[in-house]
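Worksheet: the structure to be examined is printed underneath.
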Amino acid sequence: MPTDAHAASTPASPLDALALLRERFGDAARGAFPGTALPEPVVAASANAKFGDFQCNSAMAYAKVLGQPPRQVALALVEHVKLDDLAEPLGPASVAGPGFLNITLKPAWIERALTTLAVPAAQLGLTPDATMPHTVVDLCGVNLAKQMHIGHLRATVIGDTIARVLERLGGPDRVIRQNHVGDWGLPIAMVTAKLLALEAAGEVNLAAITIDQLDAIYKRAKGECDANVGAIRAAAAWGMGPKVIAELEEAAHDPLVALTHAKTTLVRLQSGDAGVRRVWQRIYDVTMAACIENCARLNSIVKPRHSAGESSYEAKLAPLVARLEASGVAELSAGALIVRLDELGIAEPCIVRKSDGGFIYATTDLAAIEHRVRTLGAGRVVYCVDARQALHFRQVFAAAHKAGIVPAEVSLEHAAFGTILGEDGRPFKSRSGESVRLGEVIDEAVARADAQVLARNPQMPDTQRAEVAKAVAIAAIRYTDLASERVKDYVFSLERMVKFEGDTGPYLLYALARVGSILRNAAEPASGAPSPHAAALAAALAPGGSFMITEPGEKALAMALLRYPQAVREVARTLEPHRLCACLYELAGAFSGFFESCPVLKAPSEQAKSARLRLCVLTQRVMTDGLGLLGIPTVERM
RNA sequence: GCGGGCGUAGCUCAAUUGGAUAGAGCAUCUGACUACGGAUCAGAAGGUUAGGGGUUCGACUCCCUUCGCCCGCACCA
C-alpha cells in the first residue's frame with residue numbers, strides 16, 4: 001500500500017542520514033512532480049561501497065506512475081534534491097544502472113553528526129522518548145518445584161534484553177518486568193501433597209530442602225499421579241470396551257488415589273488451609289531463590305519484585321469469567337465456557353472454563369492481561385515465550401480484545417522464540433534424554449571461558465581471571481542466544497560460542513578491550529614520565545570537540561557509530577535483538593579495520609592523534625552502551 | 001486432515017522488509033610494516049537461496065504449487 005509522499009511525517013533526527021535523505025528526496029519528488037501522489041522515497045545504505053554510502057531507488061517506481069523513462073526521473077530528482085549540507089553534489093554521473101542514485105556523504109556532515117552523537121546530553125542519540133507507552137515485558141516464566149533448565153534460557157535472556165532496550169529508550173519507569181510464575185494448579189498441589197506426606201514420614205527436612213530435592217520430588221509426585229491415567233484416556237479415545245478400561249483403572253488404583261489426594265490438597269490450598277499453605281510457601285521461597293540466582297548469573301534483571309505468580313490472579317478468575325458470561329462474549333459449548341474467535345480468523349475457540357468448572361491457563365492469562373493494562377498501566381505487553389505457544393497467545397489476545405478486557409489500542413505482542421537444539425539438530429537434551437539444568441550450562445561456559453583466558457593470558461591473577469571468565473561466559477551465552485533471528489531455532493554449541501574469534505560475544509569484549517588499551521596507553525605510558533599523549537588525550541576528552549574524518553578506516557568507523565541509535569530503535573520496534581548484535585559486530589569489525597590502518601598514538605600529527613583518540617572514546621562509549629543493552633558485562637582486560 | 005513456522009556456501013548464521021555482483025563467521029588456501037592486545041587485518045575459493053511456476057523494470061523477500069523437517073490443533077500448564 002503506497003503512502004502519499006505529501007503526507008506530513010515526523011522530522012528526522014539530525015543524526016540519521018537515512019531519514020534525512022528520505023526527507024530530502026520526498027521534497028525533491030514533490031518539487032519535481034507537483035500534484036502527483038508518489039510513494040515515500042526508498043533510500044537505503046548501499047550494499048557495495050562503489051555505489052557510495054546510500055542509494056535512492058525510487059526513480060524506477062516513480063517512472064511507472066509518471067509514465068516517464070526512469071533515468072529521466074532520476075535526473076529530475078537530482079535536479080530538485082537539496083543535499084548541499086549533507087552529501088557530495090549529485091550530477092548525471094550519480095545515476096547508475098536503470099536509475100539508481102548513488103549518494104556519498106560529506107566528511108563535514110559526518111564530523112558534525114559524530115559531534116552531536118558524542119555530546120553527553122545526547123545520550124548517544126537515545127534520549128528518553130516521553131511518548132513511548134508503558135510496557136510490560138513477560139519474561140523468565142519459572143514453575144514451582146522445578147529446577148530451571150535450558151528451556152528457560154531464551155525467555156530469560158531475550159526478555160531481559162528487550163526490557164533493557166525499552167528502558168534505554170523510554171526511561172526505567174516505562175518498563176515493568178513480570179515473571180509469570182507457575183505457582184498454582186494441580187501440578188503444584190501434587191508436589192505439595194507429596195511433600196506434606198514425606199515430611200510427616202520424617203523423610204524430608206522442609207527447612208533445609210533444596211531446589212534439586214524439590215525437583216526430584218516433583219517428578220516422583222507427577223509420576224505417581226499420571227502413571228496410568230494417560231493409558232486410560234487413550235483406551236477411551238480408541239473406543240476400547242469398558243472392560244479394558246476397568247482393568248486399567250484397577251491397575252491404576254494407586255495413581256488415582258494420588259491424584260485424588262492432590263485434588264483435595266488443591267482445594268485446601270485454595271481455601272487458605274494454613275498447613276498446606278506453609279508447605280506451599282516453602283516451595284515458593286526455595287524455587288524463587290534459585291530462580292533469582294540463575295537470572296543473576298546470566299546477568300538478567302529478574303528480582304522478587306518482578307514475580308507475578310499465577311496464584312495472585314486466583315481471586316480474579318471467577319469474577320472475570322462471570323463478566324464474560326454475562327456480557328455474552330463467552331458461551332457454553334460441550335459443557336465448557338468458550339470465547340469464539342472464528343470471526344477473527346482463529347478457528348479454535350479460547351476456553352475460559354473447563355466443563356468441570358475449573359479454570360485453565362488461558363483464564364489466568366486473561367486476568368494477567370487485565371492486571372497489566374488496568375493496574376500497571378501498560379500500553380504494550382510483550383510476551384517472551386516459546387514459539388510453540390503461538391496459537392495460545394493468538395487466542396488469548398483476540399479474546400482479550402473481543403471481550404474489551406483491554407482497549408483496542410493496547411498492543412499485545414508475542415515475542416516468540418525458537419527451540420535450542422543440540423549439535424545433532426534435535427532439541428537440546430542431556431545424554432540421558434533429560435533437559436539440561438541451566439546452572440550446569442553456565443558452569444561449563446565459565447569453565448571453558450576460564451581455560452581460554454588462562455591460555456592466552458597466563459600471567460593474569462586468578463581472582464581477576466575468575467571475574468573475566470564470568471563475563472566471557474555470559475557474553476558467549478547471551479550473544480549466541482540473541483544474535484540469530486528470534487523466531488528461529490538455533491544450535492547450542494558451547495565450543496563455538498565461547499570462541500574469541502569470529503562473530504561471538506567474547507570477540508566483542510576483545511574489541512572493546514583493545515579500544516580501552518589504546519586509551520590506557522595514551523593516559524599512562526610504561527615509564528613514570530608524563531604521557532607524551534596527554535595533550536592529545538585531553539583534547540579528545542574535551543566535550544563538544546570536533547572530529548576529523550579523512551581516511552577510509554576513519555569513515556567506516558564513523559558510519560558504524562552513527563548507525564547505533566537507529567539499530568536500538570529497530571530492536572524496540574521489532575523486538576528482535578539480533579539487529580543490535582549485528583550493529584555491534586559491524587562496529588567491532590570497523591574498529592578493527594581502523595585499528596590496522598589508522599595508527600592512533602603514532603598518528604601523523606597531533607591533530608590527527610587527538611581526532612583518532614576521540615573516535616576511540618566514542619567507540620568505547622557506544623560499545624559499552626550496546627553491550628549493556630544486551631546484558632553483557634564488560635571487562636578492562638581479558 | 002487443518003493451521004502455523006522453517007528450508008540460504010561443507011558447518012553456524014545474515015541480508016536495512018521488493019533493489020545493482022545474496023553477505024559474515026568457522027573450516028580451507030594465500031599474503032601482512034618483529035604488531036597502539038596477531039584473540040587482528042587484507043585477499044582467494046566456496047551459491048540454480050529445497051524444486052517448479054507466476055507477479056514486477058527488479059524476487060531470498062510477495063502469490064500459487066510440489067518436496068522435506070519442526071510445531072500446534074478445544075477443557076495439561
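No hydrogens, no waters, no symmetry mates; every other heavy atom, side chains included, goes into these values. In the text below, chain A, chain B and the rest are named by the order of the sequence lines, each starting its count at 1.
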Sugar-phosphate only, base, or nothing, as touched by [X] at under 4.0 Å among non-hydrogen atoms:
X	result
Ala390(A)	nothing
Arg637(A)	base
Gln389(A)	base
Asn102(A)	base
Ile338(A)	base
Ala336(A)	base
Pro187(A)	nothing
Ala416(A)	nothing
Gln55(A)	base
Arg579(A)	base
Pro599(A)	base
Ala347(A)	nothing
Val491(A)	sugar-phosphate
Cys583(A)	nothing

Does a side-chain N or O of [X] approach OP1 or OP2 of [N] to a distance below 4.0 Å, or not?
X	N	answer
Ser517(A)	G37(B)	yes
Asn521(A)	G37(B)	yes
Lys354(A)	C76(B)	yes

With ring centroids as reference points, do Phe100(A) and Phe51(A) lie under 6.0 angstrom apart?
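So the answer is no for these two rings.
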Are the aromatic rings of His392(A) and Tyr361(A) close, with centres under 6.0 Å apart?
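Yes, the ring of His392(A) comes within the 6.0 Å limit of the ring of Tyr361(A), centre to centre.
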In Å, rounded to the nearest 0.5 Å, how long is the span from CG of Leu144(A) to OG1 of Thr192(A)?
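Nearest 0.5 Å value for the CG-OG1 distance: 8.0 Å.
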How many angstroms lie between atom CD of Gln270(A) and atom CH2 of Trp184(A), to the nearest 0.5 angstrom?
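The CD atom of Gln270(A) sits 6.0 Å away from the CH2 atom of Trp184(A).
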With sequence neighbours excluded, tell me which residues meet salt bridge (charged side-chain N to carboxylate O under 4.0 Å, His left out) with Lys429(A).
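Lys429(A) satisfies salt bridge (charged side-chain N to carboxylate O under 4.0 Å, His left out) with no residue once adjacent residues are dropped.
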Rounded [atom1] spacing from [N] to [M] in Å:
N	M	atom1	answer
A42(B)	C33(B)	C1'	14 Å
U61(B)	A9(B)	P	15 Å
G4(B)	C29(B)	C1'	44 Å
G10(B)	A20(B)	C1'	29 Å
U48(B)	U66(B)	P	25 Å
A44(B)	G37(B)	P	29 Å

Identify the pairs formed between an N or O of the protein and an N or O of nucleotides 39-47 of chain B at a distance under 3.5 Å, and give each distance.
| residue | atom | partner | partner atom | Å |
| --- | --- | --- | --- | --- |
| A39(B) | O4' | Arg456(A) | NE | 3.4 |
| A39(B) | O2' | Tyr510(A) | OH | 3.0 |
| A39(B) | N6 | Met638(A) | O | 2.9 |
| U40(B) | O2' | Arg514(A) | NH2 | 3.3 |
| U40(B) | O2' | Glu596(A) | OE2 | 3.0 |
| U40(B) | O2 | Glu596(A) | OE2 | 3.3 |
| C41(B) | OP1 | Tyr507(A) | OH | 3.2 |

Nucleotide nearest [X] (side chain, heavy atoms from C-beta), chosen from [options]:
X	options	result
Ala45(A)	A14(B), U16(B), G37(B)	U16(B)
Arg496(A)	U12(B), C75(B), G37(B)	U12(B)
Pro349(A)	C11(B), A74(B), A77(B)	A74(B)
Ala61(A)	G19(B), G37(B), A20(B)	G19(B)

With a 3.5 Å cut-off and just heavy-atom distances, do the side chain of Ser333(A) and the base of A74(B) make a donor-acceptor pair?
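Result: at least one qualifying N/O pair found.
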Less than 3.5 Å between a donor and an acceptor, one on the side chain of Asn48(A) and one on the base of A22(B), is that the case here?
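No, the side chain and the base share no sub-3.5 Å donor-acceptor pair.
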Give every pair of a protein N or O atom and an N or O atom of nucleotides 7-10 of chain B that lie under 3.5 Å apart, one pair per line with the distance.
| residue | atom | partner | partner atom | Å |
| --- | --- | --- | --- | --- |
| G7(B) | OP1 | Lys488(A) | NZ | 3.0 |

Are the ring of Phe51(A) and the base ring of A20(B) both nearer than 5.5 Å at their centres and tilted by less than 30°?
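Answer is yes, a stack.
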Does the side-chain ring of Phe100(A) sit on the six-membered ring of the A20(B) base, less than 5.5 Å centre to centre and under 30° in tilt?
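Stacking between Phe100(A) and A20(B): present.
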Could you write out each protein N or O paired with an N or O of nucleotides 68-73 of chain B at a distance under 3.5 Å?
none

Compute whether any side-chain donor of one residue and acceptor of the other, for [X] and [Y], lie under 3.5 angstrom apart.
X	Y	result
Asn457(A)	Gln459(A)	yes
Asp481(A)	Tyr490(A)	yes
Arg563(A)	Gln566(A)	no
Asn521(A)	His533(A)	no
Arg514(A)	Ser592(A)	yes

Any pair with a residue in residues 491-505 of chain A that passes salt bridge (Lys or Arg N to Asp or Glu O under 4.0 Å), sequence neighbours left out, goes on the list, sorted by first then second residue, please.
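Pairs touching residues 491-505 of chain A that pass the test: Arg456(A)-Glu501(A).
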Contact nearer the 5' end of RNA chain B, comparing Asp503(A) with Gly358(A)
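Closer to the 5' end of RNA chain B: Asp503(A).
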Donor-acceptor pairs under 3.5 Å, side chain of residues 335-347 of chain A to any protein atom, not counting sequence neighbours: which ones?
| residue | atom | partner | partner atom | Å |
| --- | --- | --- | --- | --- |
| Arg340(A) | NE | Glu331(A) | OE1 | 3.4 |
| Arg340(A) | NE | Glu331(A) | OE2 | 3.0 |
| Glu343(A) | OE2 | Lys402(A) | NZ | 2.8 |

Specify the closest pair of heavy atoms between Leu627(A) and Leu509(A), including all atoms of both residues, with the distance to one decimal.
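So the minimum-distance heavy-atom pair works out to CD1-CD2, 4.1 Å.
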Distance-only, no hydrogens or angles: does the Asp53(A) side chain make a donor-acceptor pair with backbone N or O of Leu105(A) under 3.5 Å?
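Yes, because the side chain of Asp53(A) sits within donor-acceptor range (under 3.5 Å) of the backbone of Leu105(A).
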Conformer about C1'-N of U17(B) - syn within 90° of 0, anti elsewhere:
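Syn for U17(B); the angle stays within 90° of 0.
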